[in-house]
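So you know, we letter chains A, B, ... as the sequences are listed, proteins then strands, and number each from 1.
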Amino acid sequence: MADTAHIPARAPVAPAGVMRRLMRRKLALFGLAIIAIVLGGAIFAPWIVRYGPDEQLFEGLTLQGAPMPPDAQFLMGTDLLGRDLFSRILYGARTSLIIGVVANGTALIIGTLVGLTAGFVRGWVGAVLMRFTDLMMAFPALLLAICLAAIFQPSLWIVAMVIALVNWVQTARVVYTETTSLSEREFIAAERTLGASQWRILFHHILPHLVPTLIVWGTLGISVTVLLEATLSFLGVGVQPPTPSWGNIIFENQTFFQAAPWLVFIPGAAILLLALAFNLVGDALREVLDPTQRGRD
Amino acid sequence: MSVADQGKAPLLSVRGLTVSVRDRGVLRPLVADLDFDLHPGETLAIAGESGSGKSITSLALMGLLPNNVTVSAGQMLLDGTDLGALSEARLREMRGSRIAMIFQEPMTSLNPVQTIGTQLTEAIRAHEPVSRRKARQAATEALRQVRIPEPERRMGQYPHELSGGMRQRVMIAMALALRPALLIADEPTTALDVTVQQEVLDLLRDLQRETGTAVILITHDMGVVAETADRVVVMQAGRMVESGPTARIFDAPRASYTRELLAAVPRLGAGRLRAMPAPPETPQPVARLTDVSVRFDIGANLIGRPTHQVHAVNGVSFDIRPGETFGLVGESGCGKSTIAKALTGLVPHGGRIEVQGAVIDRSSRAARKAGCRDMQMVFQDPMAALDPRMKVGDAVAEPLLIHGIGDHAARQARAAELFERVGLTRDQMSRYPHEFSGGQRQRICVARALALKPRLIICDESVSALDVSVQARVLTLLEELKAELGMSYLFISHDMAVVENVVDRVAVMYLGQIVEMGSRDQVFGDPRHPYTKRILNAVPVPDPAQRGMRVPSPPREIPSPIHPMGTRPASVPLRDMGEGHLVAQ
């Protein structure tokens, strides 16, 4: 490493720099584009679609009462009640984005805080927190979600909260393990000898090292939560019909999978693409934020 | 041994060996144009600092190179067969039976979930079609050969039940069980204590005499080279700088690199030459330890109460005077690093520790934080001690931020000043630790330790992980800083030669207690305690002319520091032999 002397000094990395480096990666750009399209579609849905998501159209069904396959009038076909699938997908994106981002994000935050505290404080606080996590893990998540959803009035935000409350445990486990091994590392001991406070060590020296793990868990969680919402909707405790979500479109129509495959295929592909997009962006972000990877892109 | 063999055909002949790594489609040589011969029964040392390509050479010989690294040119002829051209299956046959290897870390080279016996027997049966019972007998015999006491009992033990030295003996037994023609030893004693190192090197030499195995010894330690090798190949940055008989290399090195390398090797006795009067005793020492003990609970009985205690430090008392370097030496597990941890409040302790007159109290955060301003620590591994995700400039400025000193601009200015003081440049501040070399990183750690202008800096094996030339430069820097700023050092090390070169006063620790303490000249010039004599005797001397002049000490295992709850090891009283030279009875 004697050649380090030739490397010119670098300007401090501003957020703008992170964005620029992110944009240089083709896959990340692709992911960002998909997220932007989905987000745009969800926000501007009323101006894009020709029919409302709940409108049962007479021309949306064949004379025999079967749904219409995709054509020029109905871009993605229609469902069993003659509603425009394109419209339902766009409006459904609102629900799914809220679930995938808000519910999943909340779960991630709860899990991180629990894992971080338990892993760093140890002692009886850590023991109680982790035993509680284990208990939550052992308890069937779906059953818990149904109980919680049954207690509260079903609404989108309640569903998001319920999903967050059952999904934080895996994150907590992983964060706990990483935190315990990180706090044994010598640079943490070095910080202690400098007189750094617990707070400083936790948020300046341990949390940054958890970012890669959190990004992976966060992106993986998106598809899990979107599907969990669908399951809940299917069981009648999730988002209430006729409000569309990608999950409940699949569940409503899965029995007609052979006769009308587009009804399952299109929302399924939407979930897959969104999860993939977040994953690509997350992966690129992890590399861009890692200083030890600098200069390899 | 070697000179007589000159006429015979060499066992191993390496010609123009070039090993390259494929990096983005381009072949970059790691080792270039290496030539050497090895005769049966000879010991060849390949010496060099990190990055010299010595380990890559050994892996190439074993056919164990990583996937993206290949032998791109040259030959390695073992009895006329080119090892580089053999198929993987043929190589596997050769490994173990014709060529064997022992590694640096005996714990990671042994399988932790299998008994010693099973592993040895398996190694034998992998190459020779013998019955399990025959193989077991051969394995027991191999253990006896490496002078392991009670070999039958050891066969049933697991690696973690053996000490480091014992494990390395098992590795040697495994390597030699099939009587290979060539043994490659890659830093075989680097992870071992100095007395154990001596035993293992003696053992290797004796076994070689009995079996006639040729040995390639890969090491960075010129002392080990001088004690064991017949011939030496000195490598630097993948190239052979010089080769020749050991005596010639040490007496009349031709290459300037070899001269620099030999000059940088710390030698016992060199410290006395630049002796300066030790700072006198003052009413207020920088640090005063009075009857300090550190114990850790282990085990658990039925209701979860600990059953035993590890007595890591047991009733240790000493003063560190202003402006002096106080050395703490001893072998691994003697408690020297635990004292550093107790001082910095990383572990709870019994007894009384005062720094600059203030008692170190772990229970109060404010007191602990205040203590940090007077006392800083430089760790062994600078890469591990720096946050890999933090810019080094911020790392050096961090102590100031933690203690709320100055504004951002003032802190950056102070950090820049410190960077220049330790021999780095201002514009390197915005880089990350991985962009620096080992020596530079340790300079960064020193700069961070200096930021708060402490009165005491604890150097816990701070130069042990560095190459000798880098080590010499860091030691010089520490010396200069002390002269300039007048703080004290607590210098903890296992390396007697380094300690002898830097300290004013020194304490020798054994099993958590001090067995001898005094000025450098008292302890190194006139050692009184048998343990001090023993470890001084075991230090390898980088001078081939002195080989074989020492009396080998009989192998000995260190007793366990673990005692049942409620009992404690006997404290040994120290007696003054005159002028503050304290020796345990």
Margin query: Using the side chain to side chain contact (heavy atoms under 4.5 Å, CB included) definition, which of the options A:Leu108, A:Leu228, A:Val162 pairs with A:Asn167?
Written below: A:Leu228
Item checked: Shortest non-hydrogen contact from B:Tyr432 toward B:Val392 -> C-CG1, 4.2 Å
Margin query: Quick check on B:Leu386 against chain A: is it the side chain, the backbone, both or neither that has a heavy atom closer than 4.5 Å?
Written below: backbone
Next item on the list: Please look at A:Arg192 and chain B and tell me whether the side chain, the backbone, both or neither of the residue comes under 4.5 angstrom of a heavy atom of that chain.
Entry: both
Check: Is the shortest side-chain N to carboxylate O distance from A:Glu287 to A:Arg25 below 4.0 Å?
Finding: yes
Notebook entry, point to check: Do we see a donor-acceptor contact under 3.5 Å between the side chains of B:Ser469 and B:Glu49?
Noted result: yes
Note to self: Checking side chain to side chain contact (heavy atoms under 4.5 Å, CB included) between A:Val174 and each of A:Thr213, A:Leu214, A:Leu210, A:Thr112, which is the one that passes?
What the structure shows: A:Thr213
Margin query: Closer than 4.0 angstrom, basic N to acidic O: yes or no for B:Asp381 and B:Arg441?
Written below: no
Notebook entry, point to check: Who pairs with B:Phe296 by ring pair (Phe, Tyr, Trp, His ring centres under 6.0 Å), at least two apart in sequence or on another chain?
Noted result: none
Next item on the list: Pull out the residues in residues 394-402 of chain B that come under 4.5 Å of chain A, heavy atom to heavy atom, sorted by number.
Entry: B:Glu398, B:Pro399, B:Leu401, B:Ile402
